[in-house]
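The block underneath contains the structure these notes are about, expressed in structure tokens.
Values reported hereafter were calculated over all heavy atoms of this structure, with side chains retained and with hydrogens, waters and symmetry mates removed. Reminder, nothing fancy here: chain letters follow the sequence lines and each chain counts from 1. It should be emphasised that the depicted structure is a prediction, and the values quoted were computed from it without experimental measurement.
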Amino acid sequence: MIRYLLLVIAATAFLLSACAHQEHIDYAWGSYSKTLYAYKKDPCNEKMQAHKDMLLKIISDSKERSIRVPPGVYAEYGYILLKEGRTAEGVQYLQLEAQTYPESQVFMQRLITQATTVKEPPPPPPLETPVKTETPPTMVKEPENQAPPPVQEVPSPQNVTAEEMPKEGQK
Amino acid sequence: MRNFLRTTVLLASLLCIFMLFACAPEKISKKDAFPGMYQETTLSILVLPPINESTAADAKEYYSATIAEPLTYMGYYVFPVEVVMDVMKNEGAYDTETLMNLPPQKFKEYFGADAVMYIRITQWDTSYYVIGGHVSVGVALDLKSTTTGAELWSYKGVMRVNTSGSTSGGVGGLLAGIIVTAIKTATQDYVPVARLANAMVISTMPCGKYHPLHGQDQGSQVIKPQ
């Protein structure tokens with residue numbers, strides 16, 4: 001009787017497990033979404049530092065367990081460095097992303113080009129060109145364009161685009 | 001003693017049968033549900049800034065913190081969500097209307113992405129009643145090819161977590177109950193709820209390149225999308 005009971009339970013467990021994922025990928029995401037959410041809720045330097053530490057922890061944990069660093073982590077850390085003006089280091093992380101995930105090459109190269117040619121004339125065609133002509137409220141945009149916000153980090157890669165593009169997203 | 005055992009066995013068997021039923025509402029194989037995903041080899045996904053249809057103004061920013069992880073676990077390369085959002089803001093493509101006007105093909109050119117994920121946040125709210133309350137997060141996800149512009153995958157779901165302990169999630173009409181004790185205390189914390197909603201919806205995707213089951217899950221059953 002007991003044997004029968006065990007059999008029924010075992011069979012169910014087996015069938016139920018077939019419902020779930022049998023195999024999965026191993027990534028060391030840690031508490032990524034927690035630290036990011038905390039920063040978004042309260043965007044201060046401390047929370048940013050905590051998130052940066054988390055990104056570095058994800059990288060070191062992945063290396064320790066010899067698994068792939070999750071998609072986007074190198075790039076996110078590199079981008080933060082770029083915004084802080086640490087261009088050389090930032091570019092290295094973007095390159096690491098492109099090496100780990102060749103799918104990201106186009107975008108990483110674009111970010112690197114933008115970051116390293118800040119002082120020069122605008123690089124590749126921006127994403128927005130066709131939409132600019134489609135969206136009517138150009139008059140709203142223009143004044144913003146003429147007088148870009150004075151307090152901006154100089155070496156950030158968005159400055160390139162900020163100069164040529166109206167800052168529509170900031171409304 | 002024998003009688004007691006017999007009853008136990010009977011109850012256990014019934015319980016097992018019940019559990020199996022709870023696991024299977026109206027199902028369809030992944031291949032039949034999302035044939036486009038198997039015709040194209042989608043490796044990389046660009047998550048666009050979510051379109052917020054909820055009443056919470058900050059849902060867009062907060063939700064985007066939770067989306068990358070589950071997509072990578074399904075085996076896809078996911079473009080760094082935070083970086084993409086920032087670039088989009090600077091390119092003036094963060095607004096809903098602007099985004100909807102951009103053809104998906106544009107994102108192949110600019111980012112090199114195989115597919116773009118359009119996200120609508122349909123619910124993001126907290127309700128209180130005298131002895132409890134709940135936090136709800138609802139999302140509708142659409143994956144489109146940047147080559148053809150066609151829809152590859154689409155799914156939606158609502159996760160409602162009762163702040164006094166139990167949870168129910170609705171996928172394609174299904175209401176499933178699970179216990180989430182961790183959320184008991186965190187009445188206002190949407191992150192775990194959003195993560196549950198994501199897990200529920202995203203698990204219906206065919207597995208991507210980095211997943212060990214890539215190309216072998218055509219027969220996997222998912223709850224039929226509405």
message: Less than 4.0 angstrom from a charged side-chain N to a carboxylate O is my criterion; do B/Asp86 and A/Lys83 meet it?
response: yes
- prompt: Is A/Leu36 close to B/Thr66 at the side-chain level, that is, under 4.5 Å between some pair of heavy atoms?
  reply: no
- prompt: Side chain, backbone, both or neither: which part of B/Tyr63 has a non-hydrogen atom closer than 4.5 Å to chain A?
  reply: neither
- prompt: With a 4.5 Å heavy-atom cut-off, do B/Phe111 and A/Met108 have their side chains touching?
  reply: no
- prompt: Mind checking which of residues 64-75 of chain A sit less than 4.5 Å from chain B, heavy atom to heavy atom?
  reply: A/Arg68, A/Pro71, A/Gly72, A/Ala75
message: Within the supplied structure, the quantity of interest is the number of heavy atoms (other residues, nucleotides, ligands) at a distance under 6.0 Å from A/Lys52 NZ; does it exceed 12?
response: yes
Listed pairs under 3.5 Å, donor-acceptor, residues 53-62 of chain A side chains, sequence neighbours left out:
{"residue": "A/Asp53", "atom": "OD1", "partner": "A/Gln49", "partner atom": "NE2", "Å": "3.0"}
{"residue": "A/Lys57", "atom": "NZ", "partner": "A/Asp61", "partner atom": "OD2", "Å": "2.7"}
{"residue": "A/Ser60", "atom": "OG", "partner": "A/Leu56", "partner atom": "O", "Å": "3.3"}
{"residue": "A/Ser60", "atom": "OG", "partner": "A/Lys57", "partner atom": "O", "Å": "3.2"}
{"residue": "A/Ser62", "atom": "OG", "partner": "A/Ile58", "partner atom": "O", "Å": "2.6"}

Polar side-chain atom of B/Tyr73 near backbone of A/Tyr27 as donor-acceptor pair, under 3.5 Å: yes
- prompt: Can you name the residues that form a salt bridge (charged side-chain N to carboxylate O under 4.0 Å, His left out) with A/Lys40, not counting sequence neighbours?
  reply: B/Glu61, B/Glu82
query: What is the distance from atom OH of B/Tyr110 to atom CZ of A/Arg110, rounded to the nearest 0.5 Å?
result: 5.0 Å
message: Atom CG of residue position A/Asn45 - does it have more than 12 heavy atoms of other residues, nucleotides or ligands inside 6.0 Å?
response: no
field: Rounded distance [0.5 Å steps], CZ in B/Arg195 versus OG in A/Ser33
entry: 4.0 Å
message: Looking at every non-hydrogen atom in both residues, tell me the closest pair between B/Pro80 and A/Glu76 and how far apart they are.
response: CB-N, 4.4 Å
- request: With the side chain counted from C-beta on, respond yes when A/Leu111 and B/Val83 share a heavy-atom pair under 4.5 Å apart, and no when they do not.
  value: yes
- prompt: chain B contacts: which residues in residues 100-107 of chain A have a non-hydrogen atom closer than 4.5 Å to it?
  reply: A/Tyr101, A/Glu103, A/Ser104, A/Val106, A/Phe107
